[in-house]
Amino acid sequence: MRGRAFRIALLLVQAVWLNVVVPGHRRGIIALPGEGCEACAVAAAPHPCCQSHGQSQQPAAPAKDPANHCLICYFAARVTPPPVVDLTPPPLRLAETVSPPAAHIITVCPPIPTYDGRAPPASA
């Protein structure tokens with residue numbers, strides 16, 4: 001029963017993630033780690049966190065397209081499975097018609113030696 005409940009919970013989480021969170025989030029709201037702090041980019045004066053990160057006194061210019069640095073989009077793109085490789089063989093069809101080879105007539109058949117012995121092998 002525990003396995004069935006886990007499967008149903010997993011299906012519900014995936015349904016909410018793929019049908020609500022990923023299509024409905026505001027792109028760029030959560031930045032990738034290491035992109036800089038939003039307070040430094042928004043504030044005109046240097047923010048105290050910029051000194052702790054070792055950044056300069058000048059606030060960093062905001063990214064032109066925040067969707068390129070969206071954590072949810074990045075994660076959803078890596079979780080989506082790649083397309084399936086189709087390994088089905090192509091349909092069978094006639095490739096070419098080959099004419100039959102010329103027949104060779106054999107006139108002499110060599111005799112096949114016969115073995116008529118029925119006794120056990122000779123012992124010394």
Side-chain angles (χ1 to χ4, degrees):
M1 188 65 161
R2 204 170 23 178
R4 184 175 185 185
F6 175 74
R7 282 185 236 135
I8 291 172
L10 180 66
L11 286 174
L12 289 175
V13 167
Q14 286 295 313
V16 169
W17 173 257
L18 294 174
N19 295 318
V20 176
V21 174
V22 172
H25 78 282
R26 196 175 102 206
R27 295 180 65 169
I29 191 86
I30 302 174
L32 287 169
E35 296 293 327
C37 106
E38 289 184 21
C40 297
V42 174
H47 195 267
C49 76
C50 294
Q51 282 85 20
S52 66
H53 292 308
Q55 296 176 354
S56 64
Q57 295 290 341
Q58 304 255 345
K64 294 181 179 167
D65 187 14
N68 289 338
H69 306 286
C70 180
L71 180 69
I72 295 175
C73 296
Y74 182 84
F75 181 72
R78 267 68 181 169
V79 171
T80 307
V84 177
V85 177
D86 186 19
L87 297 175
T88 58
L92 299 176
R93 61 179 188 267
L94 182 64
E96 66 177 288
T97 306
V98 180
S99 60
H104 297 287
I105 300 174
I106 300 175
T107 55
V108 178
C109 291
I112 298 173
T114 59
Y115 178 72
D116 289 331
R118 296 179 61 158
S123 60

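- V16 and V13 sit in two unconnected hydrophobic clusters of ILVMFWY residues. Membership requires side-chain heavy atoms under 4.5 Å apart, directly or through other members.
- Closest heavy-atom contact between V22 and A76: CG2-CB, 4.0 Å.
- In terms of heavy-atom proximity, A31 sits nearest to L71 at O-CB, 4.0 Å.
- In this structure the side chain of Y74 never reaches within 4.5 angstrom of the side chain of I30, judged on heavy atoms.
- Residues C73 and H25 are in side-chain contact: their nearest non-hydrogen atoms beyond the backbone lie under 4.5 Å apart.
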